[in-house]
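Proteins come first, then strands; the chains are lettered A, B, ... in the order of their sequence lines, and each starts at number 1.
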Protein chains: 2
Amino acid sequence: MAPEPLTSERILEATEEVLRRHGPAKATVVDVARALGVSHGSVYRHFRTKAELREAVTKRWLDRTTETLQRIARTEGEPTPEVLRKWLAELFAAKRHKAGDDPELFATYEVLLDENSTVVEQHIADLVGQLTDIVEDGVQRGEFTAAAGSDAAATARAVFDATGRFHDPAYAPEWSRPGIEDAFASVLGLVLRGLGAEAHGSAG
Amino acid sequence: MAPEPLTSERILEATEEVLRRHGPAKATVVDVARALGVSHGSVYRHFRTKAELREAVTKRWLDRTTETLQRIARTEGEPTPEVLRKWLAELFAAKRHKAGDDPELFATYEVLLDENSTVVEQHIADLVGQLTDIVEDGVQRGEFTAAAGSDAAATARAVFDATGRFHDPAYAPEWSRPGIEDAFASVLGLVLRGLGAEAHGSAG
DNA sequence: CAGCTGACAGATATTGAAATCTGTCAGCTG
DNA sequence: CAGCTGACAGATTTCAATATCTGTCAGCTG
């Protein structure tokens with residue numbers, strides 16, 4: 001046997017697996033250690049606390065979405081309003097997908113919310129940062145009003161806040177209700193007009 | 001002694017008092033009966049279940065806000081964008097006031113949210129109804145774009161959704177953070193521009 | 001001797017028995 | 001006899017004993 005060396009990465013993979021199977025309420029550090037065939041003391045050699053481990057797993061999980069969105073934010077050769085539309089739609093789709101298809105890791109994410117973890121704060125800062133880039137792009141290209149650009153970060157934050165119903169985990173239970181797509185289209189239209197973009201949006 | 005007749009109204013007053021003192025988790029129907037000097041069986045003569053009683057108290061409490069807002073919505077002789085601004089600011093202020101100064105009744109309100117009570121649904125419908133009136137007014141007076149009026153109810157709902165961070169109880173913990181006023185002003189500006197109103201808003 | 005183990009103390013979660021509460025209703029009372 | 005009472009059954013909550021978990025660390029092992 002070649003017992004792979006015990007790395008942080010292997011621990012994270014095992015932890016994700018254990019969380020998916022047991023959920024945040026039942027998953028223990030001993031479970032993770034058992035899955036790896038080591039003692040739980042070894043896990044504590046790589047992560048100082050259970051909370052730290054939970055955060056690292058969630059960060060990895062959130063970062064996968066952030067990367068997908070980054071690719072959209074960087075899109076060139078398309079009108080900025082269209083980029084923003086796609087970006088927000090993808091954010092909504094990604095969160096909804098996570099909540100629906102990965103409920104245990106989503107529940108783990110919600111635990112971090114209660115803990116006021118910096119991981120969540122950083123995740124939001126990343127998203128608002130991407131939005132800020134999009135807003136600046138749009139203003140520069142004359143596709144958004146100058147008003148939006150006078151403080152692009154604040155505008156981006158306003159866009160993020162205004163669309164909260166479609167990405168904030170607190171609203172997850174509503175994401176499977178009928179009519180949610182129409183509600184999203186309405187808010188999106190309002191926001192785009194608020195940025196000074198022509199209304200596009202053949203909405204559903 | 002003139003033992004006042006036991007009316008629903010008196011029960012509601014006593015219940016509100018008991019809820020304020022003990023909070024929704026500890027307040028019992030027996031407590032309410034004791035406060036009134038009757039047996040708890042008598043209370044059940046007026047309200048079929050504890051949930052019904054809780055809902056009636058909360059409805060009364062919510063309706064006080066709805067009435068204040070109705071007065072603003074009916075304001076004449078002011079630009080509609082200004083009316084909308086005041087209305088949303090008052091909604092935010094009222095919710096924040098309730099959360100801060102009346103925490104036990106606010107907690108009771110949150111219980112209803114978990115119960116999917118129709119009282120909350122109706123409260124939201126009332127608020128969106130008032131917003132719909134404001135939107136229709138603004139469109140009619142040429143102060144909002146026709147786009148906003150093509151489906152005033154949907155637009156009103158979008159305005160309600162977009163400002164959720166400043167009235168949805170789920171966000172109550174954030175309402176005392178610094179910067180929240182600026183965030184409100186930003187979203188409000190975005191929404192007003194989205195409705196086609198000139199940007200006013202000397203914010204903060 | 002770097003990395004791992006496993007026994008341990010204190011913190012947290014689980015469990016089941018006892019206490020309390022909700023909702024009903026037969027009968028009391030003014 | 002309309003309105004209230006209080007005993008009651010079943011549901012829910014509380015509480016304390018027990019079990020499990022987290023995080024540490026002295027010492028084992030390759």
>> Counting primed atoms plus P, OP1 and OP2 as sugar-phosphate and everything else as base, spell out the protein contacts along nucleotides 5-29 of chain C at 4.0 Å heavy-atom distance: B, S or - for each nucleotide, 5' to 3'.
In response: BBB------S------SBBB-----
Just distance, no hydrogens or angles: give the donor-acceptor pairs under 3.5 Å from side chains in residues 171-180 of chain B, sequence neighbours left out.
from: B/Tyr171; atom 1: OH; to: A/Asp168; atom 2: OD2; distance (Å): 2.7
from: B/Glu174; atom 1: OE1; to: B/Arg165; atom 2: NH1; distance (Å): 2.6
from: B/Trp175; atom 1: NE1; to: B/Arg165; atom 2: O; distance (Å): 2.8

> Where does DNA chain D pair, written as one dot-bracket string 5' to 3', with Watson-Crick or G-U pairs under 3.5 Å, ( ) inside the strand, [ ] for crossing pairs and | for another strand?
Replying inline: ||||||||||||||||||||||||||||||
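The list of salt bridge (charged side-chain N to carboxylate O under 4.0 Å, His left out) pairs with a residue in residues 114-139 of chain B, not counting sequence neighbours, reads B/Arg54-B/Glu115. Residue pairs meeting the salt bridge (charged side-chain N to carboxylate O under 4.0 Å, His left out) criterion with at least one partner in residues 22-38 of chain B, sequence neighbours excluded, are B/Asp31-B/Arg34.
Scanning for salt bridge (charged side-chain N to carboxylate O under 4.0 Å, His left out) contacts around B/Glu16 gives B/Arg20, B/Arg60, B/Arg64, with sequence neighbours left out. With sequence neighbours excluded, the residues satisfying side-chain hydrogen bond (donor to acceptor under 3.5 Å, both in side chains) with A/Lys86 are A/Glu78. By the side-chain hydrogen bond (donor to acceptor under 3.5 Å, both in side chains) test, B/Lys50 is found to be paired with no residue, residues two or more places apart in sequence or in another chain being considered. Evaluation of the salt bridge (charged side-chain N to carboxylate O under 4.0 Å, His left out) rule for A/Glu52 yields A/Arg48 as partners, not counting sequence neighbours.
The interatomic distance linking A/His46 (NE2) with C/dC4 (C1') rounds to 10 Å, in whole Å.
A salt bridge between B/Glu13 and B/Arg10 is absent, with no side-chain N of the basic residue lying under 4.0 Å from a carboxylate O of the acidic one.
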